[in-house]
Trainee: 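The structure follows.
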2 protein chains.
Amino acid sequence: MANEVEKRALASYLEEHNLKHTRQRDAILDVFLSVTGHVTSEDLYQRVRAEHPQIGYTTVYRTMRLLCDAGLAQEQSFDGLARYEVSHAHHDHLICLRCGKIIEFECEMIEATQNEIAGRYGFRVLRHRHELYGHCVDCQKD
Amino acid sequence: MANEVEKRALASYLEEHNLKHTRQRDAILDVFLSVTGHVTSEDLYQRVRAEHPQIGYTTVYRTMRLLCDAGLAQEQSFDGLARYEVSHAHHDHLICLRCGKIIEFECEMIEATQNEIAGRYGFRVLRHRHELYGHCVDCQKD
DNA sequence: AACGAAATTGAATGTGATTTTCAATTTCAG
DNA sequence: CTGAAATTGAAAATCACATTCAATTTCGTT
Ligand SMILES: [Mn+2]
Ligand SMILES: [Mn+2]
Ligand SMILES: [Zn+2]
Ligand SMILES: [Zn+2]
């Protein structure tokens, strides 16, 4: 069986929070983990539905929130549309406006500099978004 | 009469684009220019309505889009809520999640670094957003 | 295995910001 | 003035997201 680590993490989270271990939650986690990249709720719902036609959109939506709370998923929001990705180290994004391709980047210097700037104003940063929108190398051929 | 420069800029834009110079557009521009900071459509509509009760929300909304197209306004979108500010040099934002205060910042090093990163991927950046969300100095007292 | 309190599900509905529709009105070139 | 074209604004549509609630499922306890 695949995704054993993540399934145990979900089980632990559910137990600790007096939540129930349902087959829908397991199924949605499996489908989510099978997707690489940044997926919308609707997109994920379609993929879940292909395998489990009885699972509703609302359950997918709520389960993704649960997976975020459990630390297994991260919600991003590019230009107002929510997307989920499998949790991994902090990073920001380059987004192609033509083909939708998403490239991840990370830069310690930018992170340090933005924290220094916030510090000048006595501001405590809780989260941030840094997104670069444009055209990827393949989409510049037109 | 105030805002002469901006009014002429609007008039030029309207003429160049075969659009009409209406009293609503003038009135909304005046109210918009009288506000400092980052205002939502609804907020701006309320301010317009105080002086011009006959002007509808839709006209305010459409006029703000027009002012953006004309380069007089800039639309920002913090956590999914659109806000307008008077156009000025590029900058990014610190946003207090408690009181809503918005602080502007600019950092050439960050701008240069992000362009360098995009360059590594052959990516052409058309626009970007860099927003730091947290608590301002006044809101850390709780 | 059965019970029952509590959580979950999912279809339907609500929400809220934004965007579009369309008939009436206004603008402005000729 | 005239009339074609643009604009207005109330109403309705859209869209993603969020909530409701009756029916179902889970799971600790018998
Ligand atoms: Mn990512
Ligand atoms: Mn600003
Ligand atoms: Zn592309
Ligand atoms: Zn504050």
Side-chain angles (χ1 to χ4, degrees), chain A residues 7 10-32 38-70 73-84 100, chain B residues 7 10-32 38-70 73-84 100:
Chain A
K7 282 195 173 149
L10 174 59
S12 298
Y13 182 86
L14 293 174
E15 195 159 0
E16 282 168 24
H17 294 261
N18 295 318
L19 303 173
K20 288 175 179 172
H21 197 169
T22 64
R23 71 198 61 157
Q24 286 93 335
R25 286 171 173 171
D26 247 6
I28 293 165
L29 175 58
D30 264 336
V31 174
F32 172 58
H38 306 76
V39 72
T40 63
S41 305
E42 181 59 32
D43 196 359
L44 191 62
Y45 168 56
Q46 294 305 334
R47 288 167 188 267
V48 167
R49 210 161 72 119
E51 281 183 58
H52 309 274
Q54 79 291 356
I55 296 182
Y57 174 83
T58 312
T59 300
V60 173
Y61 162 76
R62 279 188 290 222
T63 299
M64 289 317 298
R65 167 158 294 180
L66 172 70
L67 295 183
C68 288
D69 291 345
Q74 276 179 285
E75 184 178 326
Q76 305 288 341
S77 184
F78 304 137
D79 267 352
L81 187 63
R83 289 174 177 274
Y84 300 94
Chain B
K7 282 193 175 152
L10 174 58
S12 298
Y13 182 86
L14 293 174
E15 196 160 0
E16 281 168 25
H17 293 261
N18 294 319
L19 303 173
K20 289 175 179 173
H21 196 171
T22 65
R23 70 197 62 154
Q24 287 93 332
R25 287 172 172 170
D26 247 7
I28 292 165
L29 175 58
D30 264 337
V31 173
F32 173 58
H38 307 75
V39 71
T40 63
S41 304
E42 181 59 32
D43 197 357
L44 191 61
Y45 168 57
Q46 294 304 334
R47 289 168 189 265
V48 166
R49 210 161 71 120
E51 281 182 58
H52 309 273
Q54 79 291 356
I55 296 182
Y57 174 83
T58 312
T59 301
V60 172
Y61 162 77
R62 279 187 290 221
T63 299
M64 289 317 297
R65 167 155 293 179
L66 173 69
L67 295 183
C68 288
D69 291 344
Q74 275 178 286
E75 184 177 328
Q76 305 287 342
S77 183
F78 305 136
D79 268 352
L81 186 62
R83 290 175 177 273
Y84 300 94

Trainee: Give the residues of residues 44-56 of chain B touching DNA chain C, defined as any heavy atom closer than 4.0 Å, sorted by residue number.
Mentor: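 Under 4.0 Å from DNA chain C: no residue of residues 44-56 of chain B.
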Trainee: For the residue pair Tyr45(B) and Tyr57(B), what are the closest heavy atoms and their distance?
Mentor: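 Heavy atoms only, the tightest pair is CE1-N, 3.4 Å.
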Trainee: Just how far, in rounded Å, is C1' of dG10(C) from CE of Met64(A)?
Mentor: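 Spelled out: CE on Met64(A) to C1' on dG10(C) is 18 Å.
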Trainee: Take atom CZ in Arg83(B); do more than 12 heavy atoms of anything else shown fall under 6.0 Å from it?
Mentor: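 Result for CZ/Arg83(B): enclosed.
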Trainee: Run the numbers on Arg65(B) and Asp69(B) for salt bridge (charged side-chain N to carboxylate O under 4.0 Å, His left out), then give the verdict.
Mentor: CA-CA 6 Å; Arg65(B) 167 155 293 179; Asp69(B) 291 344; 5.7 Å; no
Trainee: Which parts of nucleotides 20-30 of chain D does protein reach within less than 4.0 Å, heavy atoms only, written one letter per nucleotide 5' to 3' as B for base, S for sugar-phosphate only and - for none?
Mentor: B-----BS---
Trainee: So does Glu15(B) have more than 12 non-hydrogen atoms from other groups sitting under 6.0 Å from CD?
Mentor: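 Check fails, neighbour count at 12 or below.
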Trainee: Could you check how far CG of Leu29(A) sits from C1' of dT8(C), rounded to whole Å?
Mentor: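 Interatomic distance, CG of Leu29(A) to C1' of dT8(C): 17 Å.
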Trainee: How many Å lie between CG on Leu81(B) and P on dA16(D), as a whole number?
Mentor: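 The answer, rounded to whole Å, is 18 Å.
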Trainee: Check the distance between dA17(C)'s C1' and Asp79(B)'s CG and give it to me in whole angstrom.
Mentor: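 For the pair Asp79(B) CG and dA17(C) C1', the rounded distance is 14 Å.
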Trainee: Would you name the heavy atoms of Glu75(A) and Cys68(A) that are closest together and state the gap between them?
Mentor: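 Scanning both residues completely, I find the closest heavy atoms to be N-SG, 3.8 Å.
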Trainee: Taking for each residue the nucleotide of DNA chain D with the nearest heavy atom, is it Val60(B) or Arg83(A) whose nucleotide lies nearer the 5' end?
Mentor: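 The answer here is Val60(B).
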Trainee: Pick one: which of Lys7(B), Arg25(B), Arg23(B) meets salt bridge (charged side-chain N to carboxylate O under 4.0 Å, His left out) with Asp30(B)?
Mentor: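 Going through the options one by one, the only one that passes is Lys7(B).
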Trainee: Counting only N and O atoms by type, is there a donor-acceptor contact under 3.5 Å from the side chain of Thr59(A) to the main-chain atoms of Ile55(A)?
Mentor: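 Here the side-chain-to-backbone pair does not exist.
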Trainee: Just how far, in rounded Å, is C1' of dA18(D) from CZ of Arg65(A)?
Mentor: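 So the CZ-C1' distance, Arg65(A) to dA18(D), works out to 8 Å.
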Trainee: Whole Å only: how far is the CG atom of Asn18(B) from the C1' atom of dG30(C)?
Mentor: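 Spelled out: CG on Asn18(B) to C1' on dG30(C) is 15 Å.
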Trainee: A side-chain contact here means heavy atoms from C-beta on lying under 4.5 Å apart; do Thr63(A) and Val48(A) qualify?
Mentor: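 Of all side-chain heavy-atom pairs linking Val48(A) with Thr63(A), none is under 4.5 Å.
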Trainee: Does dA18(D) have its OP1 or OP2 closer than 4.0 Å to a side-chain nitrogen or oxygen of Tyr61(A)?
Mentor: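 It does, given that an N or O in the side chain of Tyr61(A) lies less than 4.0 Å from OP1 or OP2 of dA18(D).
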Trainee: Looking at every heavy atom in both Val39(B) and Leu44(B), which two are closest together, and how far apart are they?
Mentor: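 In terms of heavy atoms, the two residues are closest at CG2-N, 3.8 Å.
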Trainee: For Tyr57(A) and dG14(C), what is the distance between atoms OH and P respectively, to the nearest whole Å?
Mentor: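 Atom OH in Tyr57(A) sits about 18 Å away from atom P in dG14(C).
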